[in-house]
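Presented below is the structure to which this report refers.
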Amino acid sequence: MINKVVSGADQAVHDVTNNSTLMLGGFGVCGIPENCIQALLKKGVKGLTCISNNAGVDDFGIGLLLKTRQVRKMISSYVGENAEFERQLLSGELEVELIPQGTLAERIRAGGAGIPAFYTPAGVGTEVAEGKEVREYEGKLYLLEQWLKADFAIVKAWKGDTSGNLIYRGTARNFNPMMATAGKITIAEVEELLPAGELDPNHIHTPGIYVQRIFQGSNYEKRIEQRTIIKD
Amino acid sequence: MINKVVSGADQAVHDVTNNSTLMLGGFGVCGIPENCIQALLKKGVKGLTCISNNAGVDDFGIGLLLKTRQVRKMISSYVGENAEFERQLLSGELEVELIPQGTLAERIRAGGAGIPAFYTPAGVGTEVAEGKEVREYEGKLYLLEQWLKADFAIVKAWKGDTSGNLIYRGTARNFNPMMATAGKITIAEVEELLPAGELDPNHIHTPGIYVQRIFQGSNYEKRIEQRTIIKD
Amino acid sequence: MLDKIGIAKRIAREVRDGMYINLGIGIPTLVANYIPPSLNVVLQSENGLLGIGPFPKESEVDSDLINAGKQTITMVCGSALFNSAESFAMIRGGHVDVTILGAMEVSQDGDIANWKVPGKMVKGMGGAMDLVASAKNIIVAMQHCSKEGASKLLKECSLPITGIRCVKKIVSDLAVLDVLPQGGFKLIERAPGVSIEEIKNATQGELIIEGEIPEMIF
Amino acid sequence: MLDKIGIAKRIAREVRDGMYINLGIGIPTLVANYIPPSLNVVLQSENGLLGIGPFPKESEVDSDLINAGKQTITMVCGSALFNSAESFAMIRGGHVDVTILGAMEVSQDGDIANWKVPGKMVKGMGGAMDLVASAKNIIVAMQHCSKEGASKLLKECSLPITGIRCVKKIVSDLAVLDVLPQGGFKLIERAPGVSIEEIKNATQGELIIEGEIPEMIF
């Protein structure tokens with residue numbers, strides 16, 4: 001088997017340059033590549049275009065890269081509660097492209113699957129449809145949407161093996177598997193890195209063919225945005 | 001949880017009528033719904049359109065339904081070695097539509113995913129492209145292909161639970177998961193049927209939402225087409 | 001008049017045995033609390049889960065298990081996890097039976113506006129555009145009028161819309177209304193203590209009243 | 001002249017460390033036997049497996065584990081299983097580095113014909129059209145001429161084609177040739193004992209010969 005292991009986050013992102021397009025896995029701050037975000041902060045690359053469903057919070061996740069003004073453009077479905085984000089957006093420092101969540105997920109899948117365009121009903125008749133082709137199938141209208149690809153896809157998994165196979169956990173899976181397919185270089189950070197052969201081939205969510213670099217991350221905070229509980 | 005369990009194959013296919021369109025999972029005779037094929041034979045419905053990657057062999061799989069002339073049309077990527085099939089095709093009794101395997105898989109996925117059409121490079125410049133729209137993306141040509149759906153999708157899984165969640169095994173997975181999403185009614189036969197909660201939610205290949213009927217099959221032959229071995 | 005809980009309770013009556021349901025943020029989330037336990041239904045969370053359970057106990061909190069509102073949750077027995085593309089394939093493919101969500105405005109043709117207010121910070125549509133463009137049955141939970149008393153059930157939406165001709169039913173603080181395929185809000189029930197006159201005055205779009213309109217009984 | 005095993009051995013030399021490879025039925029399947037064990041490569045089977053191992057022992061035979069030729073196989077350590085849509089997503093998306101397959105004809109522009117002979121029973125294209133339309137690097141294993149002595153390396157294919165402008169390299173019983181982006185078969189190596197003259201006579205399409213053409217050494 002092909003060995004994809006790198007020493008850590010710094011080595012994994014060593015060739016990310018200014019003005020790169022990155023995909024970053026996660027929904028809210030659930031399932032985000034915490035270690036790689038820290039390494040990008042440290043590296044200080046600027047002018048990034050980040051494709052990510054959300055933009056983190058003020059002091060965690062992609063919010064950290066916003067604070068240091070490393071991000072030029074966000075491509076997201078929902079940019080949530082983030083005061084610094086709002087300030088940069090209103091001042092024109094930050095560009096934002098909003099895409100319906102299902103269209104975003106499917107465009108990323110299409111990027112990885114070699115499908116340049118597909119029809120979807122989401123956004124028909126809304127401002128999302130502006131400038132897009134519309135076509136009717138079986139009496140319903142659909143928009144033509146194109147694939148999304150990135151220079152680097154940075155994903156977070158639960159378990160991984162040395163040949164790059166990945167298994168996610170719970171709803172931390174979210175956008176990670178599609179993004180893993182759509183990067184020219186795909187970097188995976190995992191909570192537990194195992195020798196090839198330790199993961200059941202039948203349970204693998206992301207086959208290793210999509211992953212160029214893998215490492216075991218550390219010090220995961222795994223922050224919770226909305227801690228909703230009932231009494232014990 | 002919603003209970004999808006039916007008593008067996010006969011009940012599962014009770015409302016399949018003449019001239020229905022069926023999707024049947026499997027690659028060659030690996031991962032085919034053996035019990036439902038037997039029930040369709042017994043039921044004797046005719047004029048079926050079968051969407052299946054292959055057409056079985058003379059005395060097993062879909063080959064059985066061909067022998068009894070229950071199939072009007074096959075939609076497949078490769079129809080293999082089947083003498084009766086060849087006879088019916090040459091005599092004009094059977095209609096065959098051949099589709100590139102990846103396009104077939106993606107058209108079925110699209111049918112389940114509400115995507116009426118997508119672009120794919122497979123078949124550009126060949127007779128498969130006749131009458132289809134061609135468009136260029138990033139310097140490469142692509143064909144527009146449409147979704148495929150069926151009245152009934154009949155799939156075979158390894159393990160399933162009462163709420164219709166499915167796990168496949170090995171390469172018996174193949175077309176089964178996509179087909180499960182693309183039937184108006186999806187019928188799953190499984191080697192082992194378990195109470196809801198017995199399958200790890202993280203390992204499920206087909207979520208129960210796609211499955212309307214499930215039962216534990218019996219007497220699986222699981223025939224091998226090419227028994228290739230090395231010396232012990 | 002119905003309060004938020006009243007709206008949630010009334011919507012819960014629309015739920016049928018065997019349904020797969022997507023609940024939006026806000027009042028729709030509350031609906032889950034009022035679905036009779038005798039009904040077997042499955043709640044879908046568009047971030048990748050079928051089978052949302054109650055909020056966790058402190059000891060059960062799992063940062064890898066959240067709903068689309070980013071709240072910590074649990075899973076019920078028989079759940080399934082999947083990625084975001086699969087989740088929206090499920091939604092877009094019409095496998096989710098009913099979507100319940102909030103709205104700022106609904107038009108008499110069933111258009112819905114619920115994602116953007118000009119002049120205010122735009123946070124994004126999230127999954128709402130996919131949901132309203134895809135679901136077979138869309139029920140909206142909303143206030144009939146703005147705080148200033150302006151109707152939100154309109155001839156045409158004034159806000160940027162989320163989807164066209166998609167809303168099937170509205171449960172507001174004043175009434176239950178069906179949005180007819182040919183257009184128009186058909187009054188089905190009055191909220192307790194609300195007169196037909198009040199509903200007429202609060203509805204700018206075409207209101208259709210046929211026969212006796214019963215008052216809801218809880 | 002090379003026999004089938006010779007062709008397979010020569011193609012195996014094109015394999016580089018770290019490659020993901022799809023092998024077609026026939027001679028391409030044999031290539032796996034001659035890849036040096038020092039190279040880490042992964043074989044993809046389009047019916048849903050990355051990491052094809054050797055054929056099983058009698059005691060290891062598993063009816064749920066076959067390759068695209070429907071032969072029983074084993075899995076190597078670190079394998080992954082997936083469905084057919086995912087498998088072709090992998091192929092179409094350019095993640096498989098090289099595809100090795102057989103051909104009935106190849107044109108000097110890189111068109112390939114390998115699925116249909118008019119007048120004969122048509123069995124279908126299987127995954128061949130997807131593979132040739134998608135792979136970054138396509139190597140063809142074929143006989144240079146038909147049994148009747150007619151060239152199969154042509155100006156234009158005479159049979160119905162499987163894909164256009166896709167073949168990068170040909171290993172035949174007579175020679176190794178690159179198909180140039182601007183068109184033409186560029187002779188790279190001669191099979192043992194085969195003269196340039198023989199290759200010229202066996203090639204109907206444009207043959208490009210520059211400098212000394214070495215004979216293969218095994």
Side-chain angles (χ1 to χ4, degrees), chain A residues 1-6 23 105-118 147-150 153 157 159-168 177-186 188 193-214, chain D residues 15-22 35-53 62 64-67 73-99 127 129-136 163 166:
Chain A
M1 269 287 158
I2 302 164
N3 191 315
K4 313 284 181 78
V5 180
V6 296
M23 287 182 182
E106 191 67 18
R107 287 179 64 187
I108 296 167
R109 178 190 180 272
I115 292 174
F118 59 90
W147 58 10
L148 267 179
K149 295 182 280 189
K159 293 181 180 179
D161 72 19
T162 52
S163 49
N165 294 304
L166 305 177
I167 294 179
Y168 307 91
M178 290 89 69
M179 289 183 172
T181 70
K184 270 183 218 139
I185 299 287
T186 291
L193 182 61
L194 298 159
E198 292 290 304
L199 300 176
D200 183 338
N202 217 28
H203 293 163
I204 286 164
H205 297 135
T206 293
I209 192 170
Y210 294 119
V211 175
Q212 279 69 49
R213 301 170 191 169
I214 190 168
Chain D
V15 172
R16 302 283 169 269
D17 194 47
M19 275 185 171
Y20 288 87
I21 307 171
N22 183 289
I35 298 171
S38 60
L39 299 184
N40 287 300
V41 299
V42 179
L43 303 181
Q44 202 248 17
S45 194
E46 65 261 31
N47 58 321
L49 170 65
L50 270 172
I52 308 175
D62 181 344
D64 288 339
L65 217 51
I66 62 169
N67 64 17
I73 49 162
T74 58
M75 294 190 285
V76 300
C77 194
S79 290
L81 293 156
F82 36 85
N83 67 43
S84 301
E86 180 67 39
S87 184
F88 283 94
M90 219 171 257
I91 290 166
R92 206 188 299 106
H95 304 281
V96 174
D97 298 300
V98 57
T99 286
M129 284 195 183
D130 305 274
L131 282 159
V132 301
S134 307
K136 289 173 282 192
C166 55

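By convention in this document, chain letters (A, B, ...) are assigned in the order of the sequence lines, proteins followed by strands, and residues within each chain are numbered from 1. Just the heavy atoms: all of them, side chains too, but no hydrogens, waters or symmetry mates, feed the values below.
Neither the backbone nor the side chain of D/S134 comes within less than 4.5 Å of any heavy atom of chain A. With a 4.5 Å cut-off on non-hydrogen atoms, D/Q44 does not touch chain A at all. With a 4.5 Å cut-off on non-hydrogen atoms, A/D161 touches chain D through its side chain but not through its backbone. Contact annotation for D/M75: only side-chain heavy atoms (C-beta onward) come within less than 4.5 Å of a heavy atom of chain A. Residue contact with chain D, scored on non-hydrogen atoms closer than 4.5 Å, involves the side chain of A/K4 exclusively.
Taking the charged nitrogens against the carboxylate oxygens, D/K136 and D/D97 do have a contact shorter than 4.0 Å, which makes a salt bridge.
Side-chain contact check for A/N165 versus A/T206: every heavy-atom pair is 4.5 Å or farther apart.
Comparing D/G93, D/G78, D/A80 by heavy-atom pairs within less than 4.5 Å of chain A, the highest count is held by D/G78. No other option in A/G111, A/A196, A/P195 has as many heavy-atom pairs under 4.5 Å with chain D as A/A196. The residue among A/I115, A/T162, A/L194, A/L199 with the most heavy atom pairs within less than 4.5 Å of chain D is A/I115. Chain D forms the most heavy-atom pairs under 4.5 Å with one residue out of A/A110, A/G112, A/S163, and that residue is A/G112.
With hydrogens and angles disregarded, a donor-acceptor distance shorter than 3.5 Å links the side chain of D/S79 to the backbone of D/G51.
The distance from the CD1 atom of D/I73 to the CG atom of D/L43 is 9.5 Å, given to the nearest 0.5 Å. If you take OH on A/Y210 and NE2 on D/H95, they are separated by 5.0 Å, rounding to the nearest 0.5 Å.
In this structure, A/Y168 and A/H205 have parallel ring planes: the angle between them is below the 30° cut-off, well short of the 60° mark.
Checking D/E46 against D/S84 by side-chain atom types alone, no donor-acceptor pair falls below 3.5 Å.
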